[in-house]
Amino acid sequence: MATIPRLYVDAPLLTSGVIALDDEQSNYLLRVLRLEDGAPVRLFNGRDGEWTAAVRKASGKRAEVTPTGQIRTQDGQIRTDLTLLFAPVKKDQTDLIIEKATELGAARMVPVLTERSQTRTVRTDRFRKIALEAAEQTERLDLPEILEAATLDAALGALPEGMAVIFCDEAGDEAGAPWGGEAGRARPMLEVLVELKERPAAILTGPEGGFTPAERAFLRGRAETYPVSLGPRILRAETAAISAMTLWQAVCGDWGK
């Protein structure tokens with residue numbers, strides 16, 4: 001099955017007959033893959049599971065598909081209740097965060113604008129396209145929700161009441177020392193995650209240069225916020241996001257299910 005092309009469509013699959021594909025999908029099936037009429041593809045829409053379908057060339061350069069049978073139900077996918085709050089960084093690195101967060105099962109992502117954010121122009125339409133392609137390739141039955149960029153206060157304020165915020169805090173409390181010295185460092189993330197099993201959570205990662213002292217003080221004083229360390233080395237922003245999600249999936253997520 002893995003060799004059969006897989007596409008996300010917005011149309012209902014339980015009741016649809018023929019589904020018209022857009023120009024990009026049509027070009028991919030007819031010109032890139034050179035599929036003939038009747039060739040199989042797989043479809044999912046985030047609601048009706050996964051279906052097989054048959055391709056047919058329609059008028060002009062467009063293709064259409066006809067669902068032929070369901071192969072996975074929507075409840076056959078374990079959905080993790082994990083939110084990624086991330087400070088946008090440079091374009092390629094931010095694209096990597098979106099792609100890998102989709103692969104790692106994030107339910108939603110929120111670009112967070114912090115005091116040290118160097119990238120403040122955020123194109124969520126681009127992020128959604130990257131997430132869609134990653135979902136097609138990684139056998140997800142849904143797409144992660146990608147929200148519009150928000151300030152740190154607004155992003156945290158929009159979270160459901162009682163949601164645990166896992167704050168990736170690589171700094172210490174010693175003013176003037178490189179990365180805040182050793183005093184006041186957060187506990188190892190694995191140690192904290194053991195206490196958060198079975199809880200919906202949001203992972204918060206910062207920009208290049210990290211959070212400011214004022215932001216750190218605000219976060220450490222906030223209820224239901226858990227500062228964590230990702231080890232003795234300072235990680236790049238995109239590495240921190242991927243590493244934190246990997247640890248969460250291993251301890252609290254669906255890797256053991």
Side-chain angles (χ1 to χ4, degrees), residues 1-86 88 91 94-111 122-150 158 160 200 245 254:
M1 293 293 289
T3 59
I4 299 176
R6 189 169 188 266
L7 297 177
Y8 172 84
V9 295
D10 193 41
L13 296 172
L14 290 170
T15 57
S16 282
V18 175
I19 300 171
L21 300 180
D22 62 28
D23 288 341
E24 186 174 352
Q25 291 173 322
S26 297
N27 182 69
Y28 174 64
L29 295 182
L30 299 181
R31 287 161 189 80
V32 177
L33 298 183
R34 299 183 180 278
L35 297 186
E36 302 290 341
D37 281 359
V41 295
R42 294 181 292 156
L43 307 176
F44 70 105
N45 63 4
R47 306 182 298 276
D48 302 325
E50 184 172 38
W51 290 62
T52 55
V55 176
R56 188 178 77 85
K57 184 177 180 180
S59 58
K61 299 179 179 179
R62 300 293 288 269
E64 58 189 26
V65 290
T66 303
T68 55
Q70 189 180 54
I71 51 178
R72 282 198 291 168
T73 61
Q74 195 68 27
D75 59 10
Q77 173 181 267
I78 299 171
R79 183 174 172 82
T80 58
D81 194 0
L82 178 65
T83 298
L84 176 64
L85 308 174
F86 70 97
K91 176 177 173 291
T94 299
D95 291 352
L96 182 68
I97 290 172
I98 298 295
E99 179 184 79
K100 299 310 174 187
T102 302
E103 293 180 20
L104 287 165
R108 65 198 63 81
M109 302 176 219
V110 186
V122 176
R123 288 189 53 191
T124 50
D125 58 334
R126 174 181 173 79
F127 293 168
R128 293 183 181 112
K129 185 175 187 300
I130 292 169
L132 185 152
E133 292 174 352
E136 288 177 340
Q137 293 167 5
T138 55
E139 302 294 322
R140 280 186 68 150
L141 290 177
D142 64 346
L143 301 182
E145 182 182 9
I146 299 180
L147 304 182
E148 296 297 328
M245 288 197 61
D254 59 16

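No hydrogens, no waters, no symmetry mates; every other heavy atom, side chains included, goes into these values.
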Under 4.0 Å between a Lys/Arg side-chain N and an Asp/Glu carboxylate O for Glu64 and Arg56?
-> yes
Using a strict cut-off of less than 4.0 Å between a Lys/Arg side-chain nitrogen and an Asp/Glu carboxylate oxygen, indicate whether Asp95 and Lys91 qualify as a salt bridge.
-> yes
I want to check something: taking the side chain as every heavy atom from C-beta on, are [X] and [Y] in contact at a cut-off of under 4.5 Å?
X: Leu84; Y: Leu104; result: no
X: Val41; Y: Leu43; result: yes
X: Leu96; Y: Glu99; result: yes
X: Met109; Y: Ile98; result: yes
X: Thr68; Y: Trp51; result: no

Is a side-chain N or O of [X] found less than 3.5 angstrom from the main chain of [Y], in a donor-acceptor match?
X: Asp48; Y: Pro12; value: no
X: Arg42; Y: Glu50; value: no
X: Arg62; Y: Leu21; value: yes
X: Arg6; Y: Glu136; value: yes
X: Thr52; Y: Gly69; value: yes
X: Arg108; Y: Leu147; value: no
X: Asp37; Y: Lys57; value: yes
X: Glu148; Y: Val122; value: no

Rounded to the nearest 0.5 Å, what separation is found between the [atom1] atom of [X] and the [atom2] atom of [Y]?
X: Ile71; Y: Ile4; atom1: CD1; atom2: CD1; value: 7.0 Å
X: Asp22; Y: Tyr28; atom1: CG; atom2: OH; value: 13.0 Å
X: Thr124; Y: Ile130; atom1: OG1; atom2: CD1; value: 11.5 Å
X: Ile97; Y: Met245; atom1: CD1; atom2: CE; value: 10.5 Å
X: Leu14; Y: Asn45; atom1: CG; atom2: CG; value: 7.5 Å

Can you give me the closest heavy-atom contact between [X] and [Y], atom names plus distance?
X: Arg34; Y: Arg31; result: CG-O, 3.7 Å
X: Thr102; Y: Pro144; result: OG1-CG, 3.6 Å
X: Ala63; Y: Leu30; result: CB-CD1, 3.8 Å
X: Leu143; Y: Leu132; result: CD2-CA, 3.9 Å
X: Ala131; Y: Ile146; result: CB-CD1, 3.8 Å
X: Pro67; Y: Gly17; result: CD-O, 3.0 Å

Is Tyr8 atom OH crowded by more than 12 heavy atoms from other residues, nucleotides or ligands, each under 6.0 Å away?
-> yes
State which residue, out of Asp142, Asp10, Asp75, fulfils the salt bridge (charged side-chain N to carboxylate O under 4.0 Å, His left out) condition with Arg47.
-> Asp10
